[in-house]
Structure formats: C-alpha cells, structure tokens
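To start, the structure itself, in structure tokens.
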Amino acid sequence: MARRNHRKLARSFYSRATLEVAPEMVGKYIIYHSPAGRLSARIVEVEAYIGQDDPACHAAPGPTKRNRVMYGQPGHSYVYLIYGMYYCLNFVTEKPGFPAAVLLRAAEPCERLEVMRRNSPRQKEEKILSGPGKFCRSFGLSGVHNGLDLTGSTLFLEDRAEVAPVIASSQRVGIRKGTDHHWRFYDDNSSSVSRR
DNA sequence: TGAATGATGCGCT
DNA sequence: GCGCATCATTCAT
C-alpha cells in the first residue's frame, strides 16, 4: 500500500505547458507494476519535445501512425523503438490535439533492483537506469507499453513530498535539429545522470 | 578518458 | 534507401 505522503500524479499534472511539467518531473518517482513485481525509481533526467514546430519532436512531420498517442490525452505513455534495438519511454503532456511529451532519460533505482539487474546484468547500481534505452531495458518496458494511461495502476508517477532537487538544464542529447533549445532538465547532484 | 564504430528495425520520403 | 530522442565495445592517447 502506498504511504499517505506518496501521491500518484493526476492527469492535471500532465495537462499543462511541457516546460512547466518537465522540470517538475525531476525528483518524482516512477512506479511500474511489472510481472516480476513492483519496480520503482527516482527520476533524475528528462527532456521536453514540444509540438510540430520543434524539429526534434517526433510530431514535427504532423500526425502519423507512430506518433499518434502524442496527439491524444495527456497522462499517457509514448514508447517507441530507436536504432532498431532500444525503447524510449515518454509521458504525453499538454491538451489533446497538441503533440508534446517528456522523455525519461535517467533515474536512480529504488525498489526491486534485483529485477533490473536480471534485465541488465553488467550495470553498476547507479548506472543501471542511466540513459533512455537502459532505463527501458532494465525496467522491462517495450512497445507493448505504448499508450498506457498513467492514471491507472500499472505505470504511474508519484510525488513523495521530498525537498525539491536543484535543477540544471542544457541542450538535448543525441539530436541533430532543435539544438538551440535547452530543454533537458536534470538533478545536478545525482550520479545517475546520463551525461555531464 | 575520449573518439570511432557496429548492431539492428522501422517509419518516412 | 536514409536516418534516427542509443549503447557497448574497441582502439587510441
């Protein structure tokens, strides 16, 4: 059972401007009720992808089969395959019809580290969720988790009413276009951030 | 410690 | 065909 100060984030959290939501996600907890048990982690790094005018956003070409959940209700998961072998997990933001999302890039493991280790045997604890592909592999997330409602009980975020971390920002990682925006947000005190 | 590179599948032009 | 919101390995300093 969740403790009283562990509050699941409601749809109203996601249904806002992405540049408000993204930095607030750092320091929140992600919970996944997997077939192997309840996994959780503290988010330390995210990136915002905002609308058709953001050239790095998957919605830049307009609506397609792949990006369609970004156009739907906020508070859903957007999971896609990248480089033929890694999955990336995003959280859909803004109002329905406006395509935007926050990419989860890194986290610190909390519950069920042994399950994560089974999925990523060579990783040290502080690096096992350090990178968007590594996070999904260690958590056991893949394309079947695309479009999940984050107000449900399988996959969701929690506010644990801790002291908010100091947030740093930078250019987004691994993109060719849209590098003028500093839409990556991370906890500067965490050793689980993917890049310095 | 850092740069280069191969693995690998799919959406889009 | 091309180009990825990546990662692990290899080889160089």
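Remember, predicted model here, so these are calculated numbers, not experimental data. Chain letters run A, B, ... following the sequence lines, proteins first, then strands; residues in each count from 1.
- Near DNA chain B, defined here as any heavy-atom distance below 4.0 Å, there are no residues from residues 124-149 of chain A.
- You'll find that the side chain of L81(A) is closest to dG9(B), out of dG9(B), dA5(C), dT13(B).
- Side-chain contact check for H145(A) and Y32(A): at least one donor-acceptor pair (N or O, by modelled atom type) lies under 3.5 Å.
- Rounded to a whole Å, the NE2 atom of H181(A) is 15 Å from the C1' atom of dA5(C).
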Counting only pairs under 3.5 Å, give me each side-chain donor-acceptor contact of residues 101-108 of chain A, with atom names and distances, residues two or more places apart or in other chains.
from    : atom 1 : to      : atom 2 : distance (Å)
R105(A) : NE     : E45(A)  : OE2    : 2.8
R105(A) : NH2    : S194(A) : OG     : 3.2
E108(A) : OE1    : R42(A)  : NH1    : 3.4
E108(A) : OE2    : S190(A) : OG     : 2.7

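- Taking atom NZ of K177(A) as the reference point, atom P of dA5(C) lies 10 Å away to the nearest angstrom.
- Following rounding to the nearest Å, R172(A) (CZ) and dT6(C) (P) show an atom-to-atom distance of 12 Å.
- Nearer to the 5' terminus of DNA chain C, by closest-nucleotide assignment, is the contact made by G174(A) (compared with the other of G174(A) and R122(A)).
- Outside the 6.0 Å centre-distance limit, the rings of H58(A) and Y49(A) are not counted as a close aromatic pair.
- Residue Q123(A) places none of its side-chain N or O atoms closer than 4.0 Å to OP1 or OP2 of dC7(C).
- Distance from the side chain of R66(A) is smallest to dG11(B) among dG11(B), dT6(C), dT13(B).
- Rounded to an integer number of Å, the gap from Y86(A) OH to dT6(C) C1' is 6 Å.
- Regarding contacts with the backbone of dT6(C), a side-chain N or O of R105(A) is found under 4.0 angstrom from either OP1 or OP2.
- As the counterpart of dG9(B), dC4(C) is assigned, both hydrogen-bonding distances of the Watson-Crick or G-U wobble pattern falling under 3.5 Å.
- Atom name C1', nucleotides dA8(C) and dC10(B): the rounded distance is 22 Å, in whole Å.
- Residues N67(A) and Q52(A) are not in side-chain contact: their nearest non-hydrogen atoms beyond the backbone lie 4.5 Å or more apart.
- Pairing for dA4(B) is with dT9(C), a Watson-Crick or G-U wobble pair whose two hydrogen-bonding atom distances lie under 3.5 Å.
- Salt-bridge annotation for R11(A) and D149(A): present, with a side-chain N of the basic residue lying under 4.0 Å from a carboxylate O of the acidic one.
- Salt-bridge check for D180(A) with R172(A): failed, with every basic side-chain N at 4.0 Å or more from each acidic carboxylate O.
- Dashed line: the shortest gap from a side-chain N or O of T64(A) to OP1 or OP2 of dC12(B) is under 4.0 Å.
- Look at CD1 on I82(A): it is 10 Å from C1' on dC10(B), rounded to the nearest Å.
- The separation between M85(A) atom CE and dT5(B) atom P is 17 Å, rounded to whole Å.
- For dA5(C), the base is stacked against the aromatic ring of Y49(A), per a cut-off of 5.5 Å between centres and 30° between planes.
- Contact annotation: side chain of Y83(A) to base of dA7(B), donor-acceptor pair absent below 3.5 Å.
- As rounded to whole Å, 16 Å separates atom C1' of dT1(B) from atom CZ of R196(A).
- Taking 4.0 Å as the cut-off between side-chain N and carboxylate O, E158(A) and R160(A) count as a salt-bridged pair.
- Between I30(A) and F91(A), some side-chain heavy-atom pair lies under the 4.5 Å cut-off.
- Nucleic acid contact for L103(A): base, since at least one base atom lies under 4.0 Å from a heavy atom of the residue.
- Nucleotides dA5(C) and dT13(B) have their P atoms positioned 14 Å apart, rounded to a whole Å.
- N67(A) has its CG atom 13 Å from the P atom of dA5(C), to the nearest Å.
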